[in-house]
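Step one of this worksheet: look at the structure below.
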Amino acid sequence: MATDSWAQAVDQQEAAAESISNLQLNEKEDKPKAEENGAKAEGEGEKAEEEEKEDKAAQSLLNKLIRSNLVNTTNQVEVLQRDPNSPLYSVKSFEELRLKPQLLQGVYAMGFNRPSKIQENALPMMLAEPPQNLIAQSQSGTGKTAAFVLAMLSHVDPNNKWPQCLCVSPTYELALQTGKVIEQMGKFYPEVQLVYAIRGNKLERGVKLQEQIVIGTPGTVLDWCQKLKFIDPKKIKVFVLDEADVMIATQGHQDQSIRIQRMLPKTCQMLLFSATFEESVWNFAKRIIPDPNIIKLKREEETLDTIKQYYVMCNSREEKFHALCNIYGAITIAQAMIFCHTRKTAGWLAGELSREGHQVALLSGEMQVEQRAAVIERFRNGKEKVLVTTNVCARGIDVEQVSVVINFDLPVDKDGNPDNETYLHRIGRTGRFGKRGLAINMVDSRFSMNVLNRIQEHFNKKIEKLDTDDLDEIEKIAN
Ligand SMILES: Nc1ncnc2c1ncn2[C@@H]1O[C@H](COP(=O)(O)OP(=O)(O)OP(=O)(O)O)[C@@H](O)[C@H]1O
């Protein structure tokens with residue numbers, strides 16, 4: 001894969017402060033109510049401006065950066081074929097797909113031995129003749145990107161020096177991640193070239209692109225097709241809309257994507273991918289993908305069945321810290337994750353724990369996504385034994401190897417109500433990884449006691465009281 005255009009794009013983006021700033025989580029803009037209702041009621045009294053804003057694109061990027069392997073699930077793939085009478089193909093090996101030898105070589109060089117669950121069904125559909133449209137949904141890390149990259153590379157005619165595949169991603173950084181997969185998989189296919197349609201990659205007027213694959217953000221792709229005419233949309237054979245759920249969360253992207261799609265020929269293959277599938281994504285998908293086949297892979301359900309849950313009564317954050325020290329003094333904890341409501345508490349707690357001699361990692365809102373990925377990587381490798389974090393930073397992160405989760409602050413939503421889903425994600429385990437776990441909740445006010453009670457009711461699972469001044473009692477919970 002030729003890298004000139006890629007290198008050029010990287011140079012240019014470094015100058016493009018605007019796109020780079022997407023990397024930084026925009027946390028100071030919003031002032032959600034949670035800080036007032038939740039944290040203050042919990043005695044934190046910290047400034048609301050520190051509340052962190054969820055950024056789907058950053059979260060998705062973080063997931064990509066920290067993911068090195070396929071997520072395997074035991075759930076079955078659900079397939080809805082456009083033409084129920086045509087035979088349903090699925091493949092168990094890459095050979096069955098009759099890929100170009102250069103691509104098969106690329107796939108194996110990436111260490112892929114066999115298709116992932118979603119790839120088993122999606123690849124035959126995407127590589128079929130005539131091309132079929134597809135809407136595919138499965139959680140992050142199940143092999144969607146690798147699948148559509150392979151489809152794009154397979155459909156390209158390297159002798160034709162014009163754009164034939166168009167892939168739109170929600171942000172520059174996400175586009176770059178997909179670009180890297182194209183580079184890797186196309187390593188033995190150097191005739192195929194790639195260009196980034198991103199703000200900051202300024203081409204001379206009148207230029208006609210020669211690269212066969214264009215990957216970019218909706219606004220720039222639209223400009224390149226419509227206003228600047230670098231791309232002839234009528235010659236596009238494959239259109240990919242990646243991360244549809246993240247896409248629709250950004251204002252304007254939905255309309256821009258639809259406008260791009262309308263310029264494409266009827267014969268163009270249209271593919272849409274999403275990690276989640278709420279109503280809004282579904283409506284968008286149906287608008288943009290005509291006559292689709294649909295593939296869905298359910299997420300593995302998390303449960304609290306194998307988790308021992310406790311709560312500790314305290315009056316202040318200092319008391320909570322003291323309780324935490326007692327717990328650490330009484331039981332051996334290999335690795336723990338501690339969740340705080342605000343960055344400020346997380347920073348304070350990490351400092352206190354370090355002073356006590358713990359090796360602490362802090363995942364904090366002001367860090368850039370790459371820095372966060374590095375912190376998580378170190379923690380995963382066991383370099384630190386405690387990870388202190390706020391919820392926003394850690395959403396969606398695998399905590400499989402962590403056996404103890406401490407809610408230094410209980411999870412509440414922006415209105416101060418219990419956030420049951422987050423509670424489950426923090427401490428739950430999927431059936432298959434059903435290792436026993438321990439969860440300890442710190443309660444420091446009537447408000448947080450109420451939150452705890454409601455969580456208890458919601459899951460219909462008892463959360464036992466723990467007296468952290470009684471070392472014998474703490475020892476018992478570890479058994
Ligand atoms: N068939 C396979 N065999 C082994 N590893 C694979 C296979 N397909 C993909 N992977 C690897 O698994 C990881 C996740 O794959 P991929 O990025 O394609 O998933 P995804 O569903 O697109 O996730 P995301 O939405 O986070 O990008 C990557 O490290 C990728 O290299």
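All heavy atoms count here, side chains included; hydrogens, waters and symmetry mates do not.
Ring orientation note: the planes of F408 and W348 are tilted relative to one another, at an angle of 30° to 60°. The aromatic rings of F277 and W282 are tilted relative to each other, their planes meeting at an angle between 30° and 60°.
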For this session: Quick one: do R114 and E120 satisfy salt bridge (charged side-chain N to carboxylate O under 4.0 Å, His left out)? Show the steps, please.
Result: CA-CA 9 Å; R114 42 160 297 162; E120 285 179 5; 2.5 Å; yes

**Item:** side chain to side chain contact (heavy atoms under 4.5 Å, CB included) assessment of T389 paired with M337
**Value:** CA-CA 7 Å; T389 179; M337 257 175 111; 4.2 Å; yes

* Can R426 and N407 be said to form a side chain to side chain donor-acceptor pair (under 3.5 Å), step by step? -> CA-CA 9 Å; R426 283 183 187 178; N407 287 320; 2.6 Å; yes

Verify side chain to side chain contact (heavy atoms under 4.5 Å, CB included) between F284 and L272, making sure each step is shown before the conclusion. CA-CA 10 Å; F284 173 55; L272 177 141; 4.3 Å; yes

>> Is there a side chain to side chain contact (heavy atoms under 4.5 Å, CB included) between F379 and K385? Walk through the geometry before answering.
In response: CA-CA 7 Å; F379 180 65; K385 307 292 177 216; 5.9 Å; no

Going through the checks in order, is the side chain to side chain contact (heavy atoms under 4.5 Å, CB included) test met by S116 and Q119?
-> CA-CA 5 Å; S116 71; Q119 290 164 0; 3.2 Å; yes

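Atom CD in Q254 sits 11.0 Å away from atom CD in Q256 (nearest 0.5 Å). Rounding to the nearest 0.5 Å gives a distance of 11.5 Å between CD of Q210 and NZ of K208. Note: L150 CG to I182 CD1 = 11.5 Å, rounded to the nearest 0.5 Å. Considering CG of D232 and SG of C225, their distance stands at 8.5 Å, rounded to 0.5 Å. Remark: I333 CD1 to H358 NE2 distance equals 8.5 Å, nearest 0.5 Å. Atom CE of M126 and atom CG of N133 lie 12.0 Å apart (nearest 0.5 Å).
Between the side chains of H155 and Q269, a donor-acceptor pair is found at a separation under 3.5 Å. Side-chain atoms of E243 and S169 include no donor-acceptor pair closer than 3.5 Å. S93 and E96 are linked by a side-chain donor-acceptor pair at a separation below 3.5 angstrom, with hydrogens and angles left out of the test. Remark: the N293 side chain and the Q81 side chain contain no N/O donor-acceptor pair separated by less than 3.5 Å. E278 and T276 form a side-chain donor-acceptor contact under 3.5 Å, judged by distance and modelled atom types alone.
Proximity of a side-chain donor or acceptor of T217 to a complementary backbone N or O of G219 within less than 3.5 Å is not detected. Counting only distance, with no hydrogens or angles, the side chain of D223 and the backbone of K227 share no donor-acceptor pair below 3.5 Å. With R372 contributing its side chain and M367 its backbone, the two residues share a donor-acceptor pair below 3.5 Å. Put simply, the side chain of K229 gets close to the backbone of Q226: a donor and an acceptor are under 3.5 Å apart. A donor-acceptor pair under 3.5 Å is absent between the side-chain atoms of K202 and the main chain of R199, judged by distance alone. Although no hydrogens or angles enter the test, the distance criterion places a donor-acceptor pair under 3.5 Å between the side chain of N201 and the main chain of Y196. Judged by distance alone, with hydrogens and angles left aside, the side-chain atoms of K237 form no donor-acceptor pair with the main-chain N or O of L166 at under 3.5 Å. A donor-acceptor contact shorter than 3.5 Å is absent between the side chain of T250 and the backbone of H253. Of the possible donor and acceptor atoms, one in the side chain of K100 sits under 3.5 Å from a partner among the backbone N and O of S154. In terms of modelled atom types and a separation under 3.5 Å, the side chain of D419 and the main chain of D413 share no donor-acceptor contact.
Closest non-hydrogen pair, A249 versus K56, comes out as CB-CD, 3.9 Å. Nearest heavy atoms, R378 versus E384: NH2-OE2, 2.7 Å. Scanning all heavy atoms of the two residues, the minimum distance from F230 to V207 falls at CD2-O, 3.2 Å. Considering every non-hydrogen atom in both D157 and Q212, the closest pair reads O-CG, 4.1 Å. For G347 against L362, the heavy-atom pair with the smallest separation is CA-CD2, 4.0 Å. Nearest heavy-atom pair, F239 versus I288, reported as atom, atom and distance to 0.1 Å: CE2-CD1, 4.4 Å.
A 6.0 Å sphere centred on NZ of K298 holds no more than 12 heavy atoms belonging to other residues, nucleotides or ligands. Remark: E95 CD is packed, more than 12 non-hydrogen atoms of other residues, nucleotides or ligands lying under 6.0 Å away.
Looking at Q76 and K117, their side chains come closer than 4.5 Å, going by heavy atoms from C-beta outward. Looking at Q371 and V375, their side chains never come closer than 4.5 Å, going by heavy atoms from C-beta outward. Taking the side chain as every heavy atom from C-beta outward, M152 and V240 approach each other to under 4.5 Å. Using a 4.5 Å heavy-atom cutoff, the side chains of L410 and P418 are not in contact. Between H341 and T390, the closest side-chain pair of non-hydrogen atoms is not below 4.5 Å.
Ring-centre distance between F148 and F273: below the 6.0 Å cut-off.
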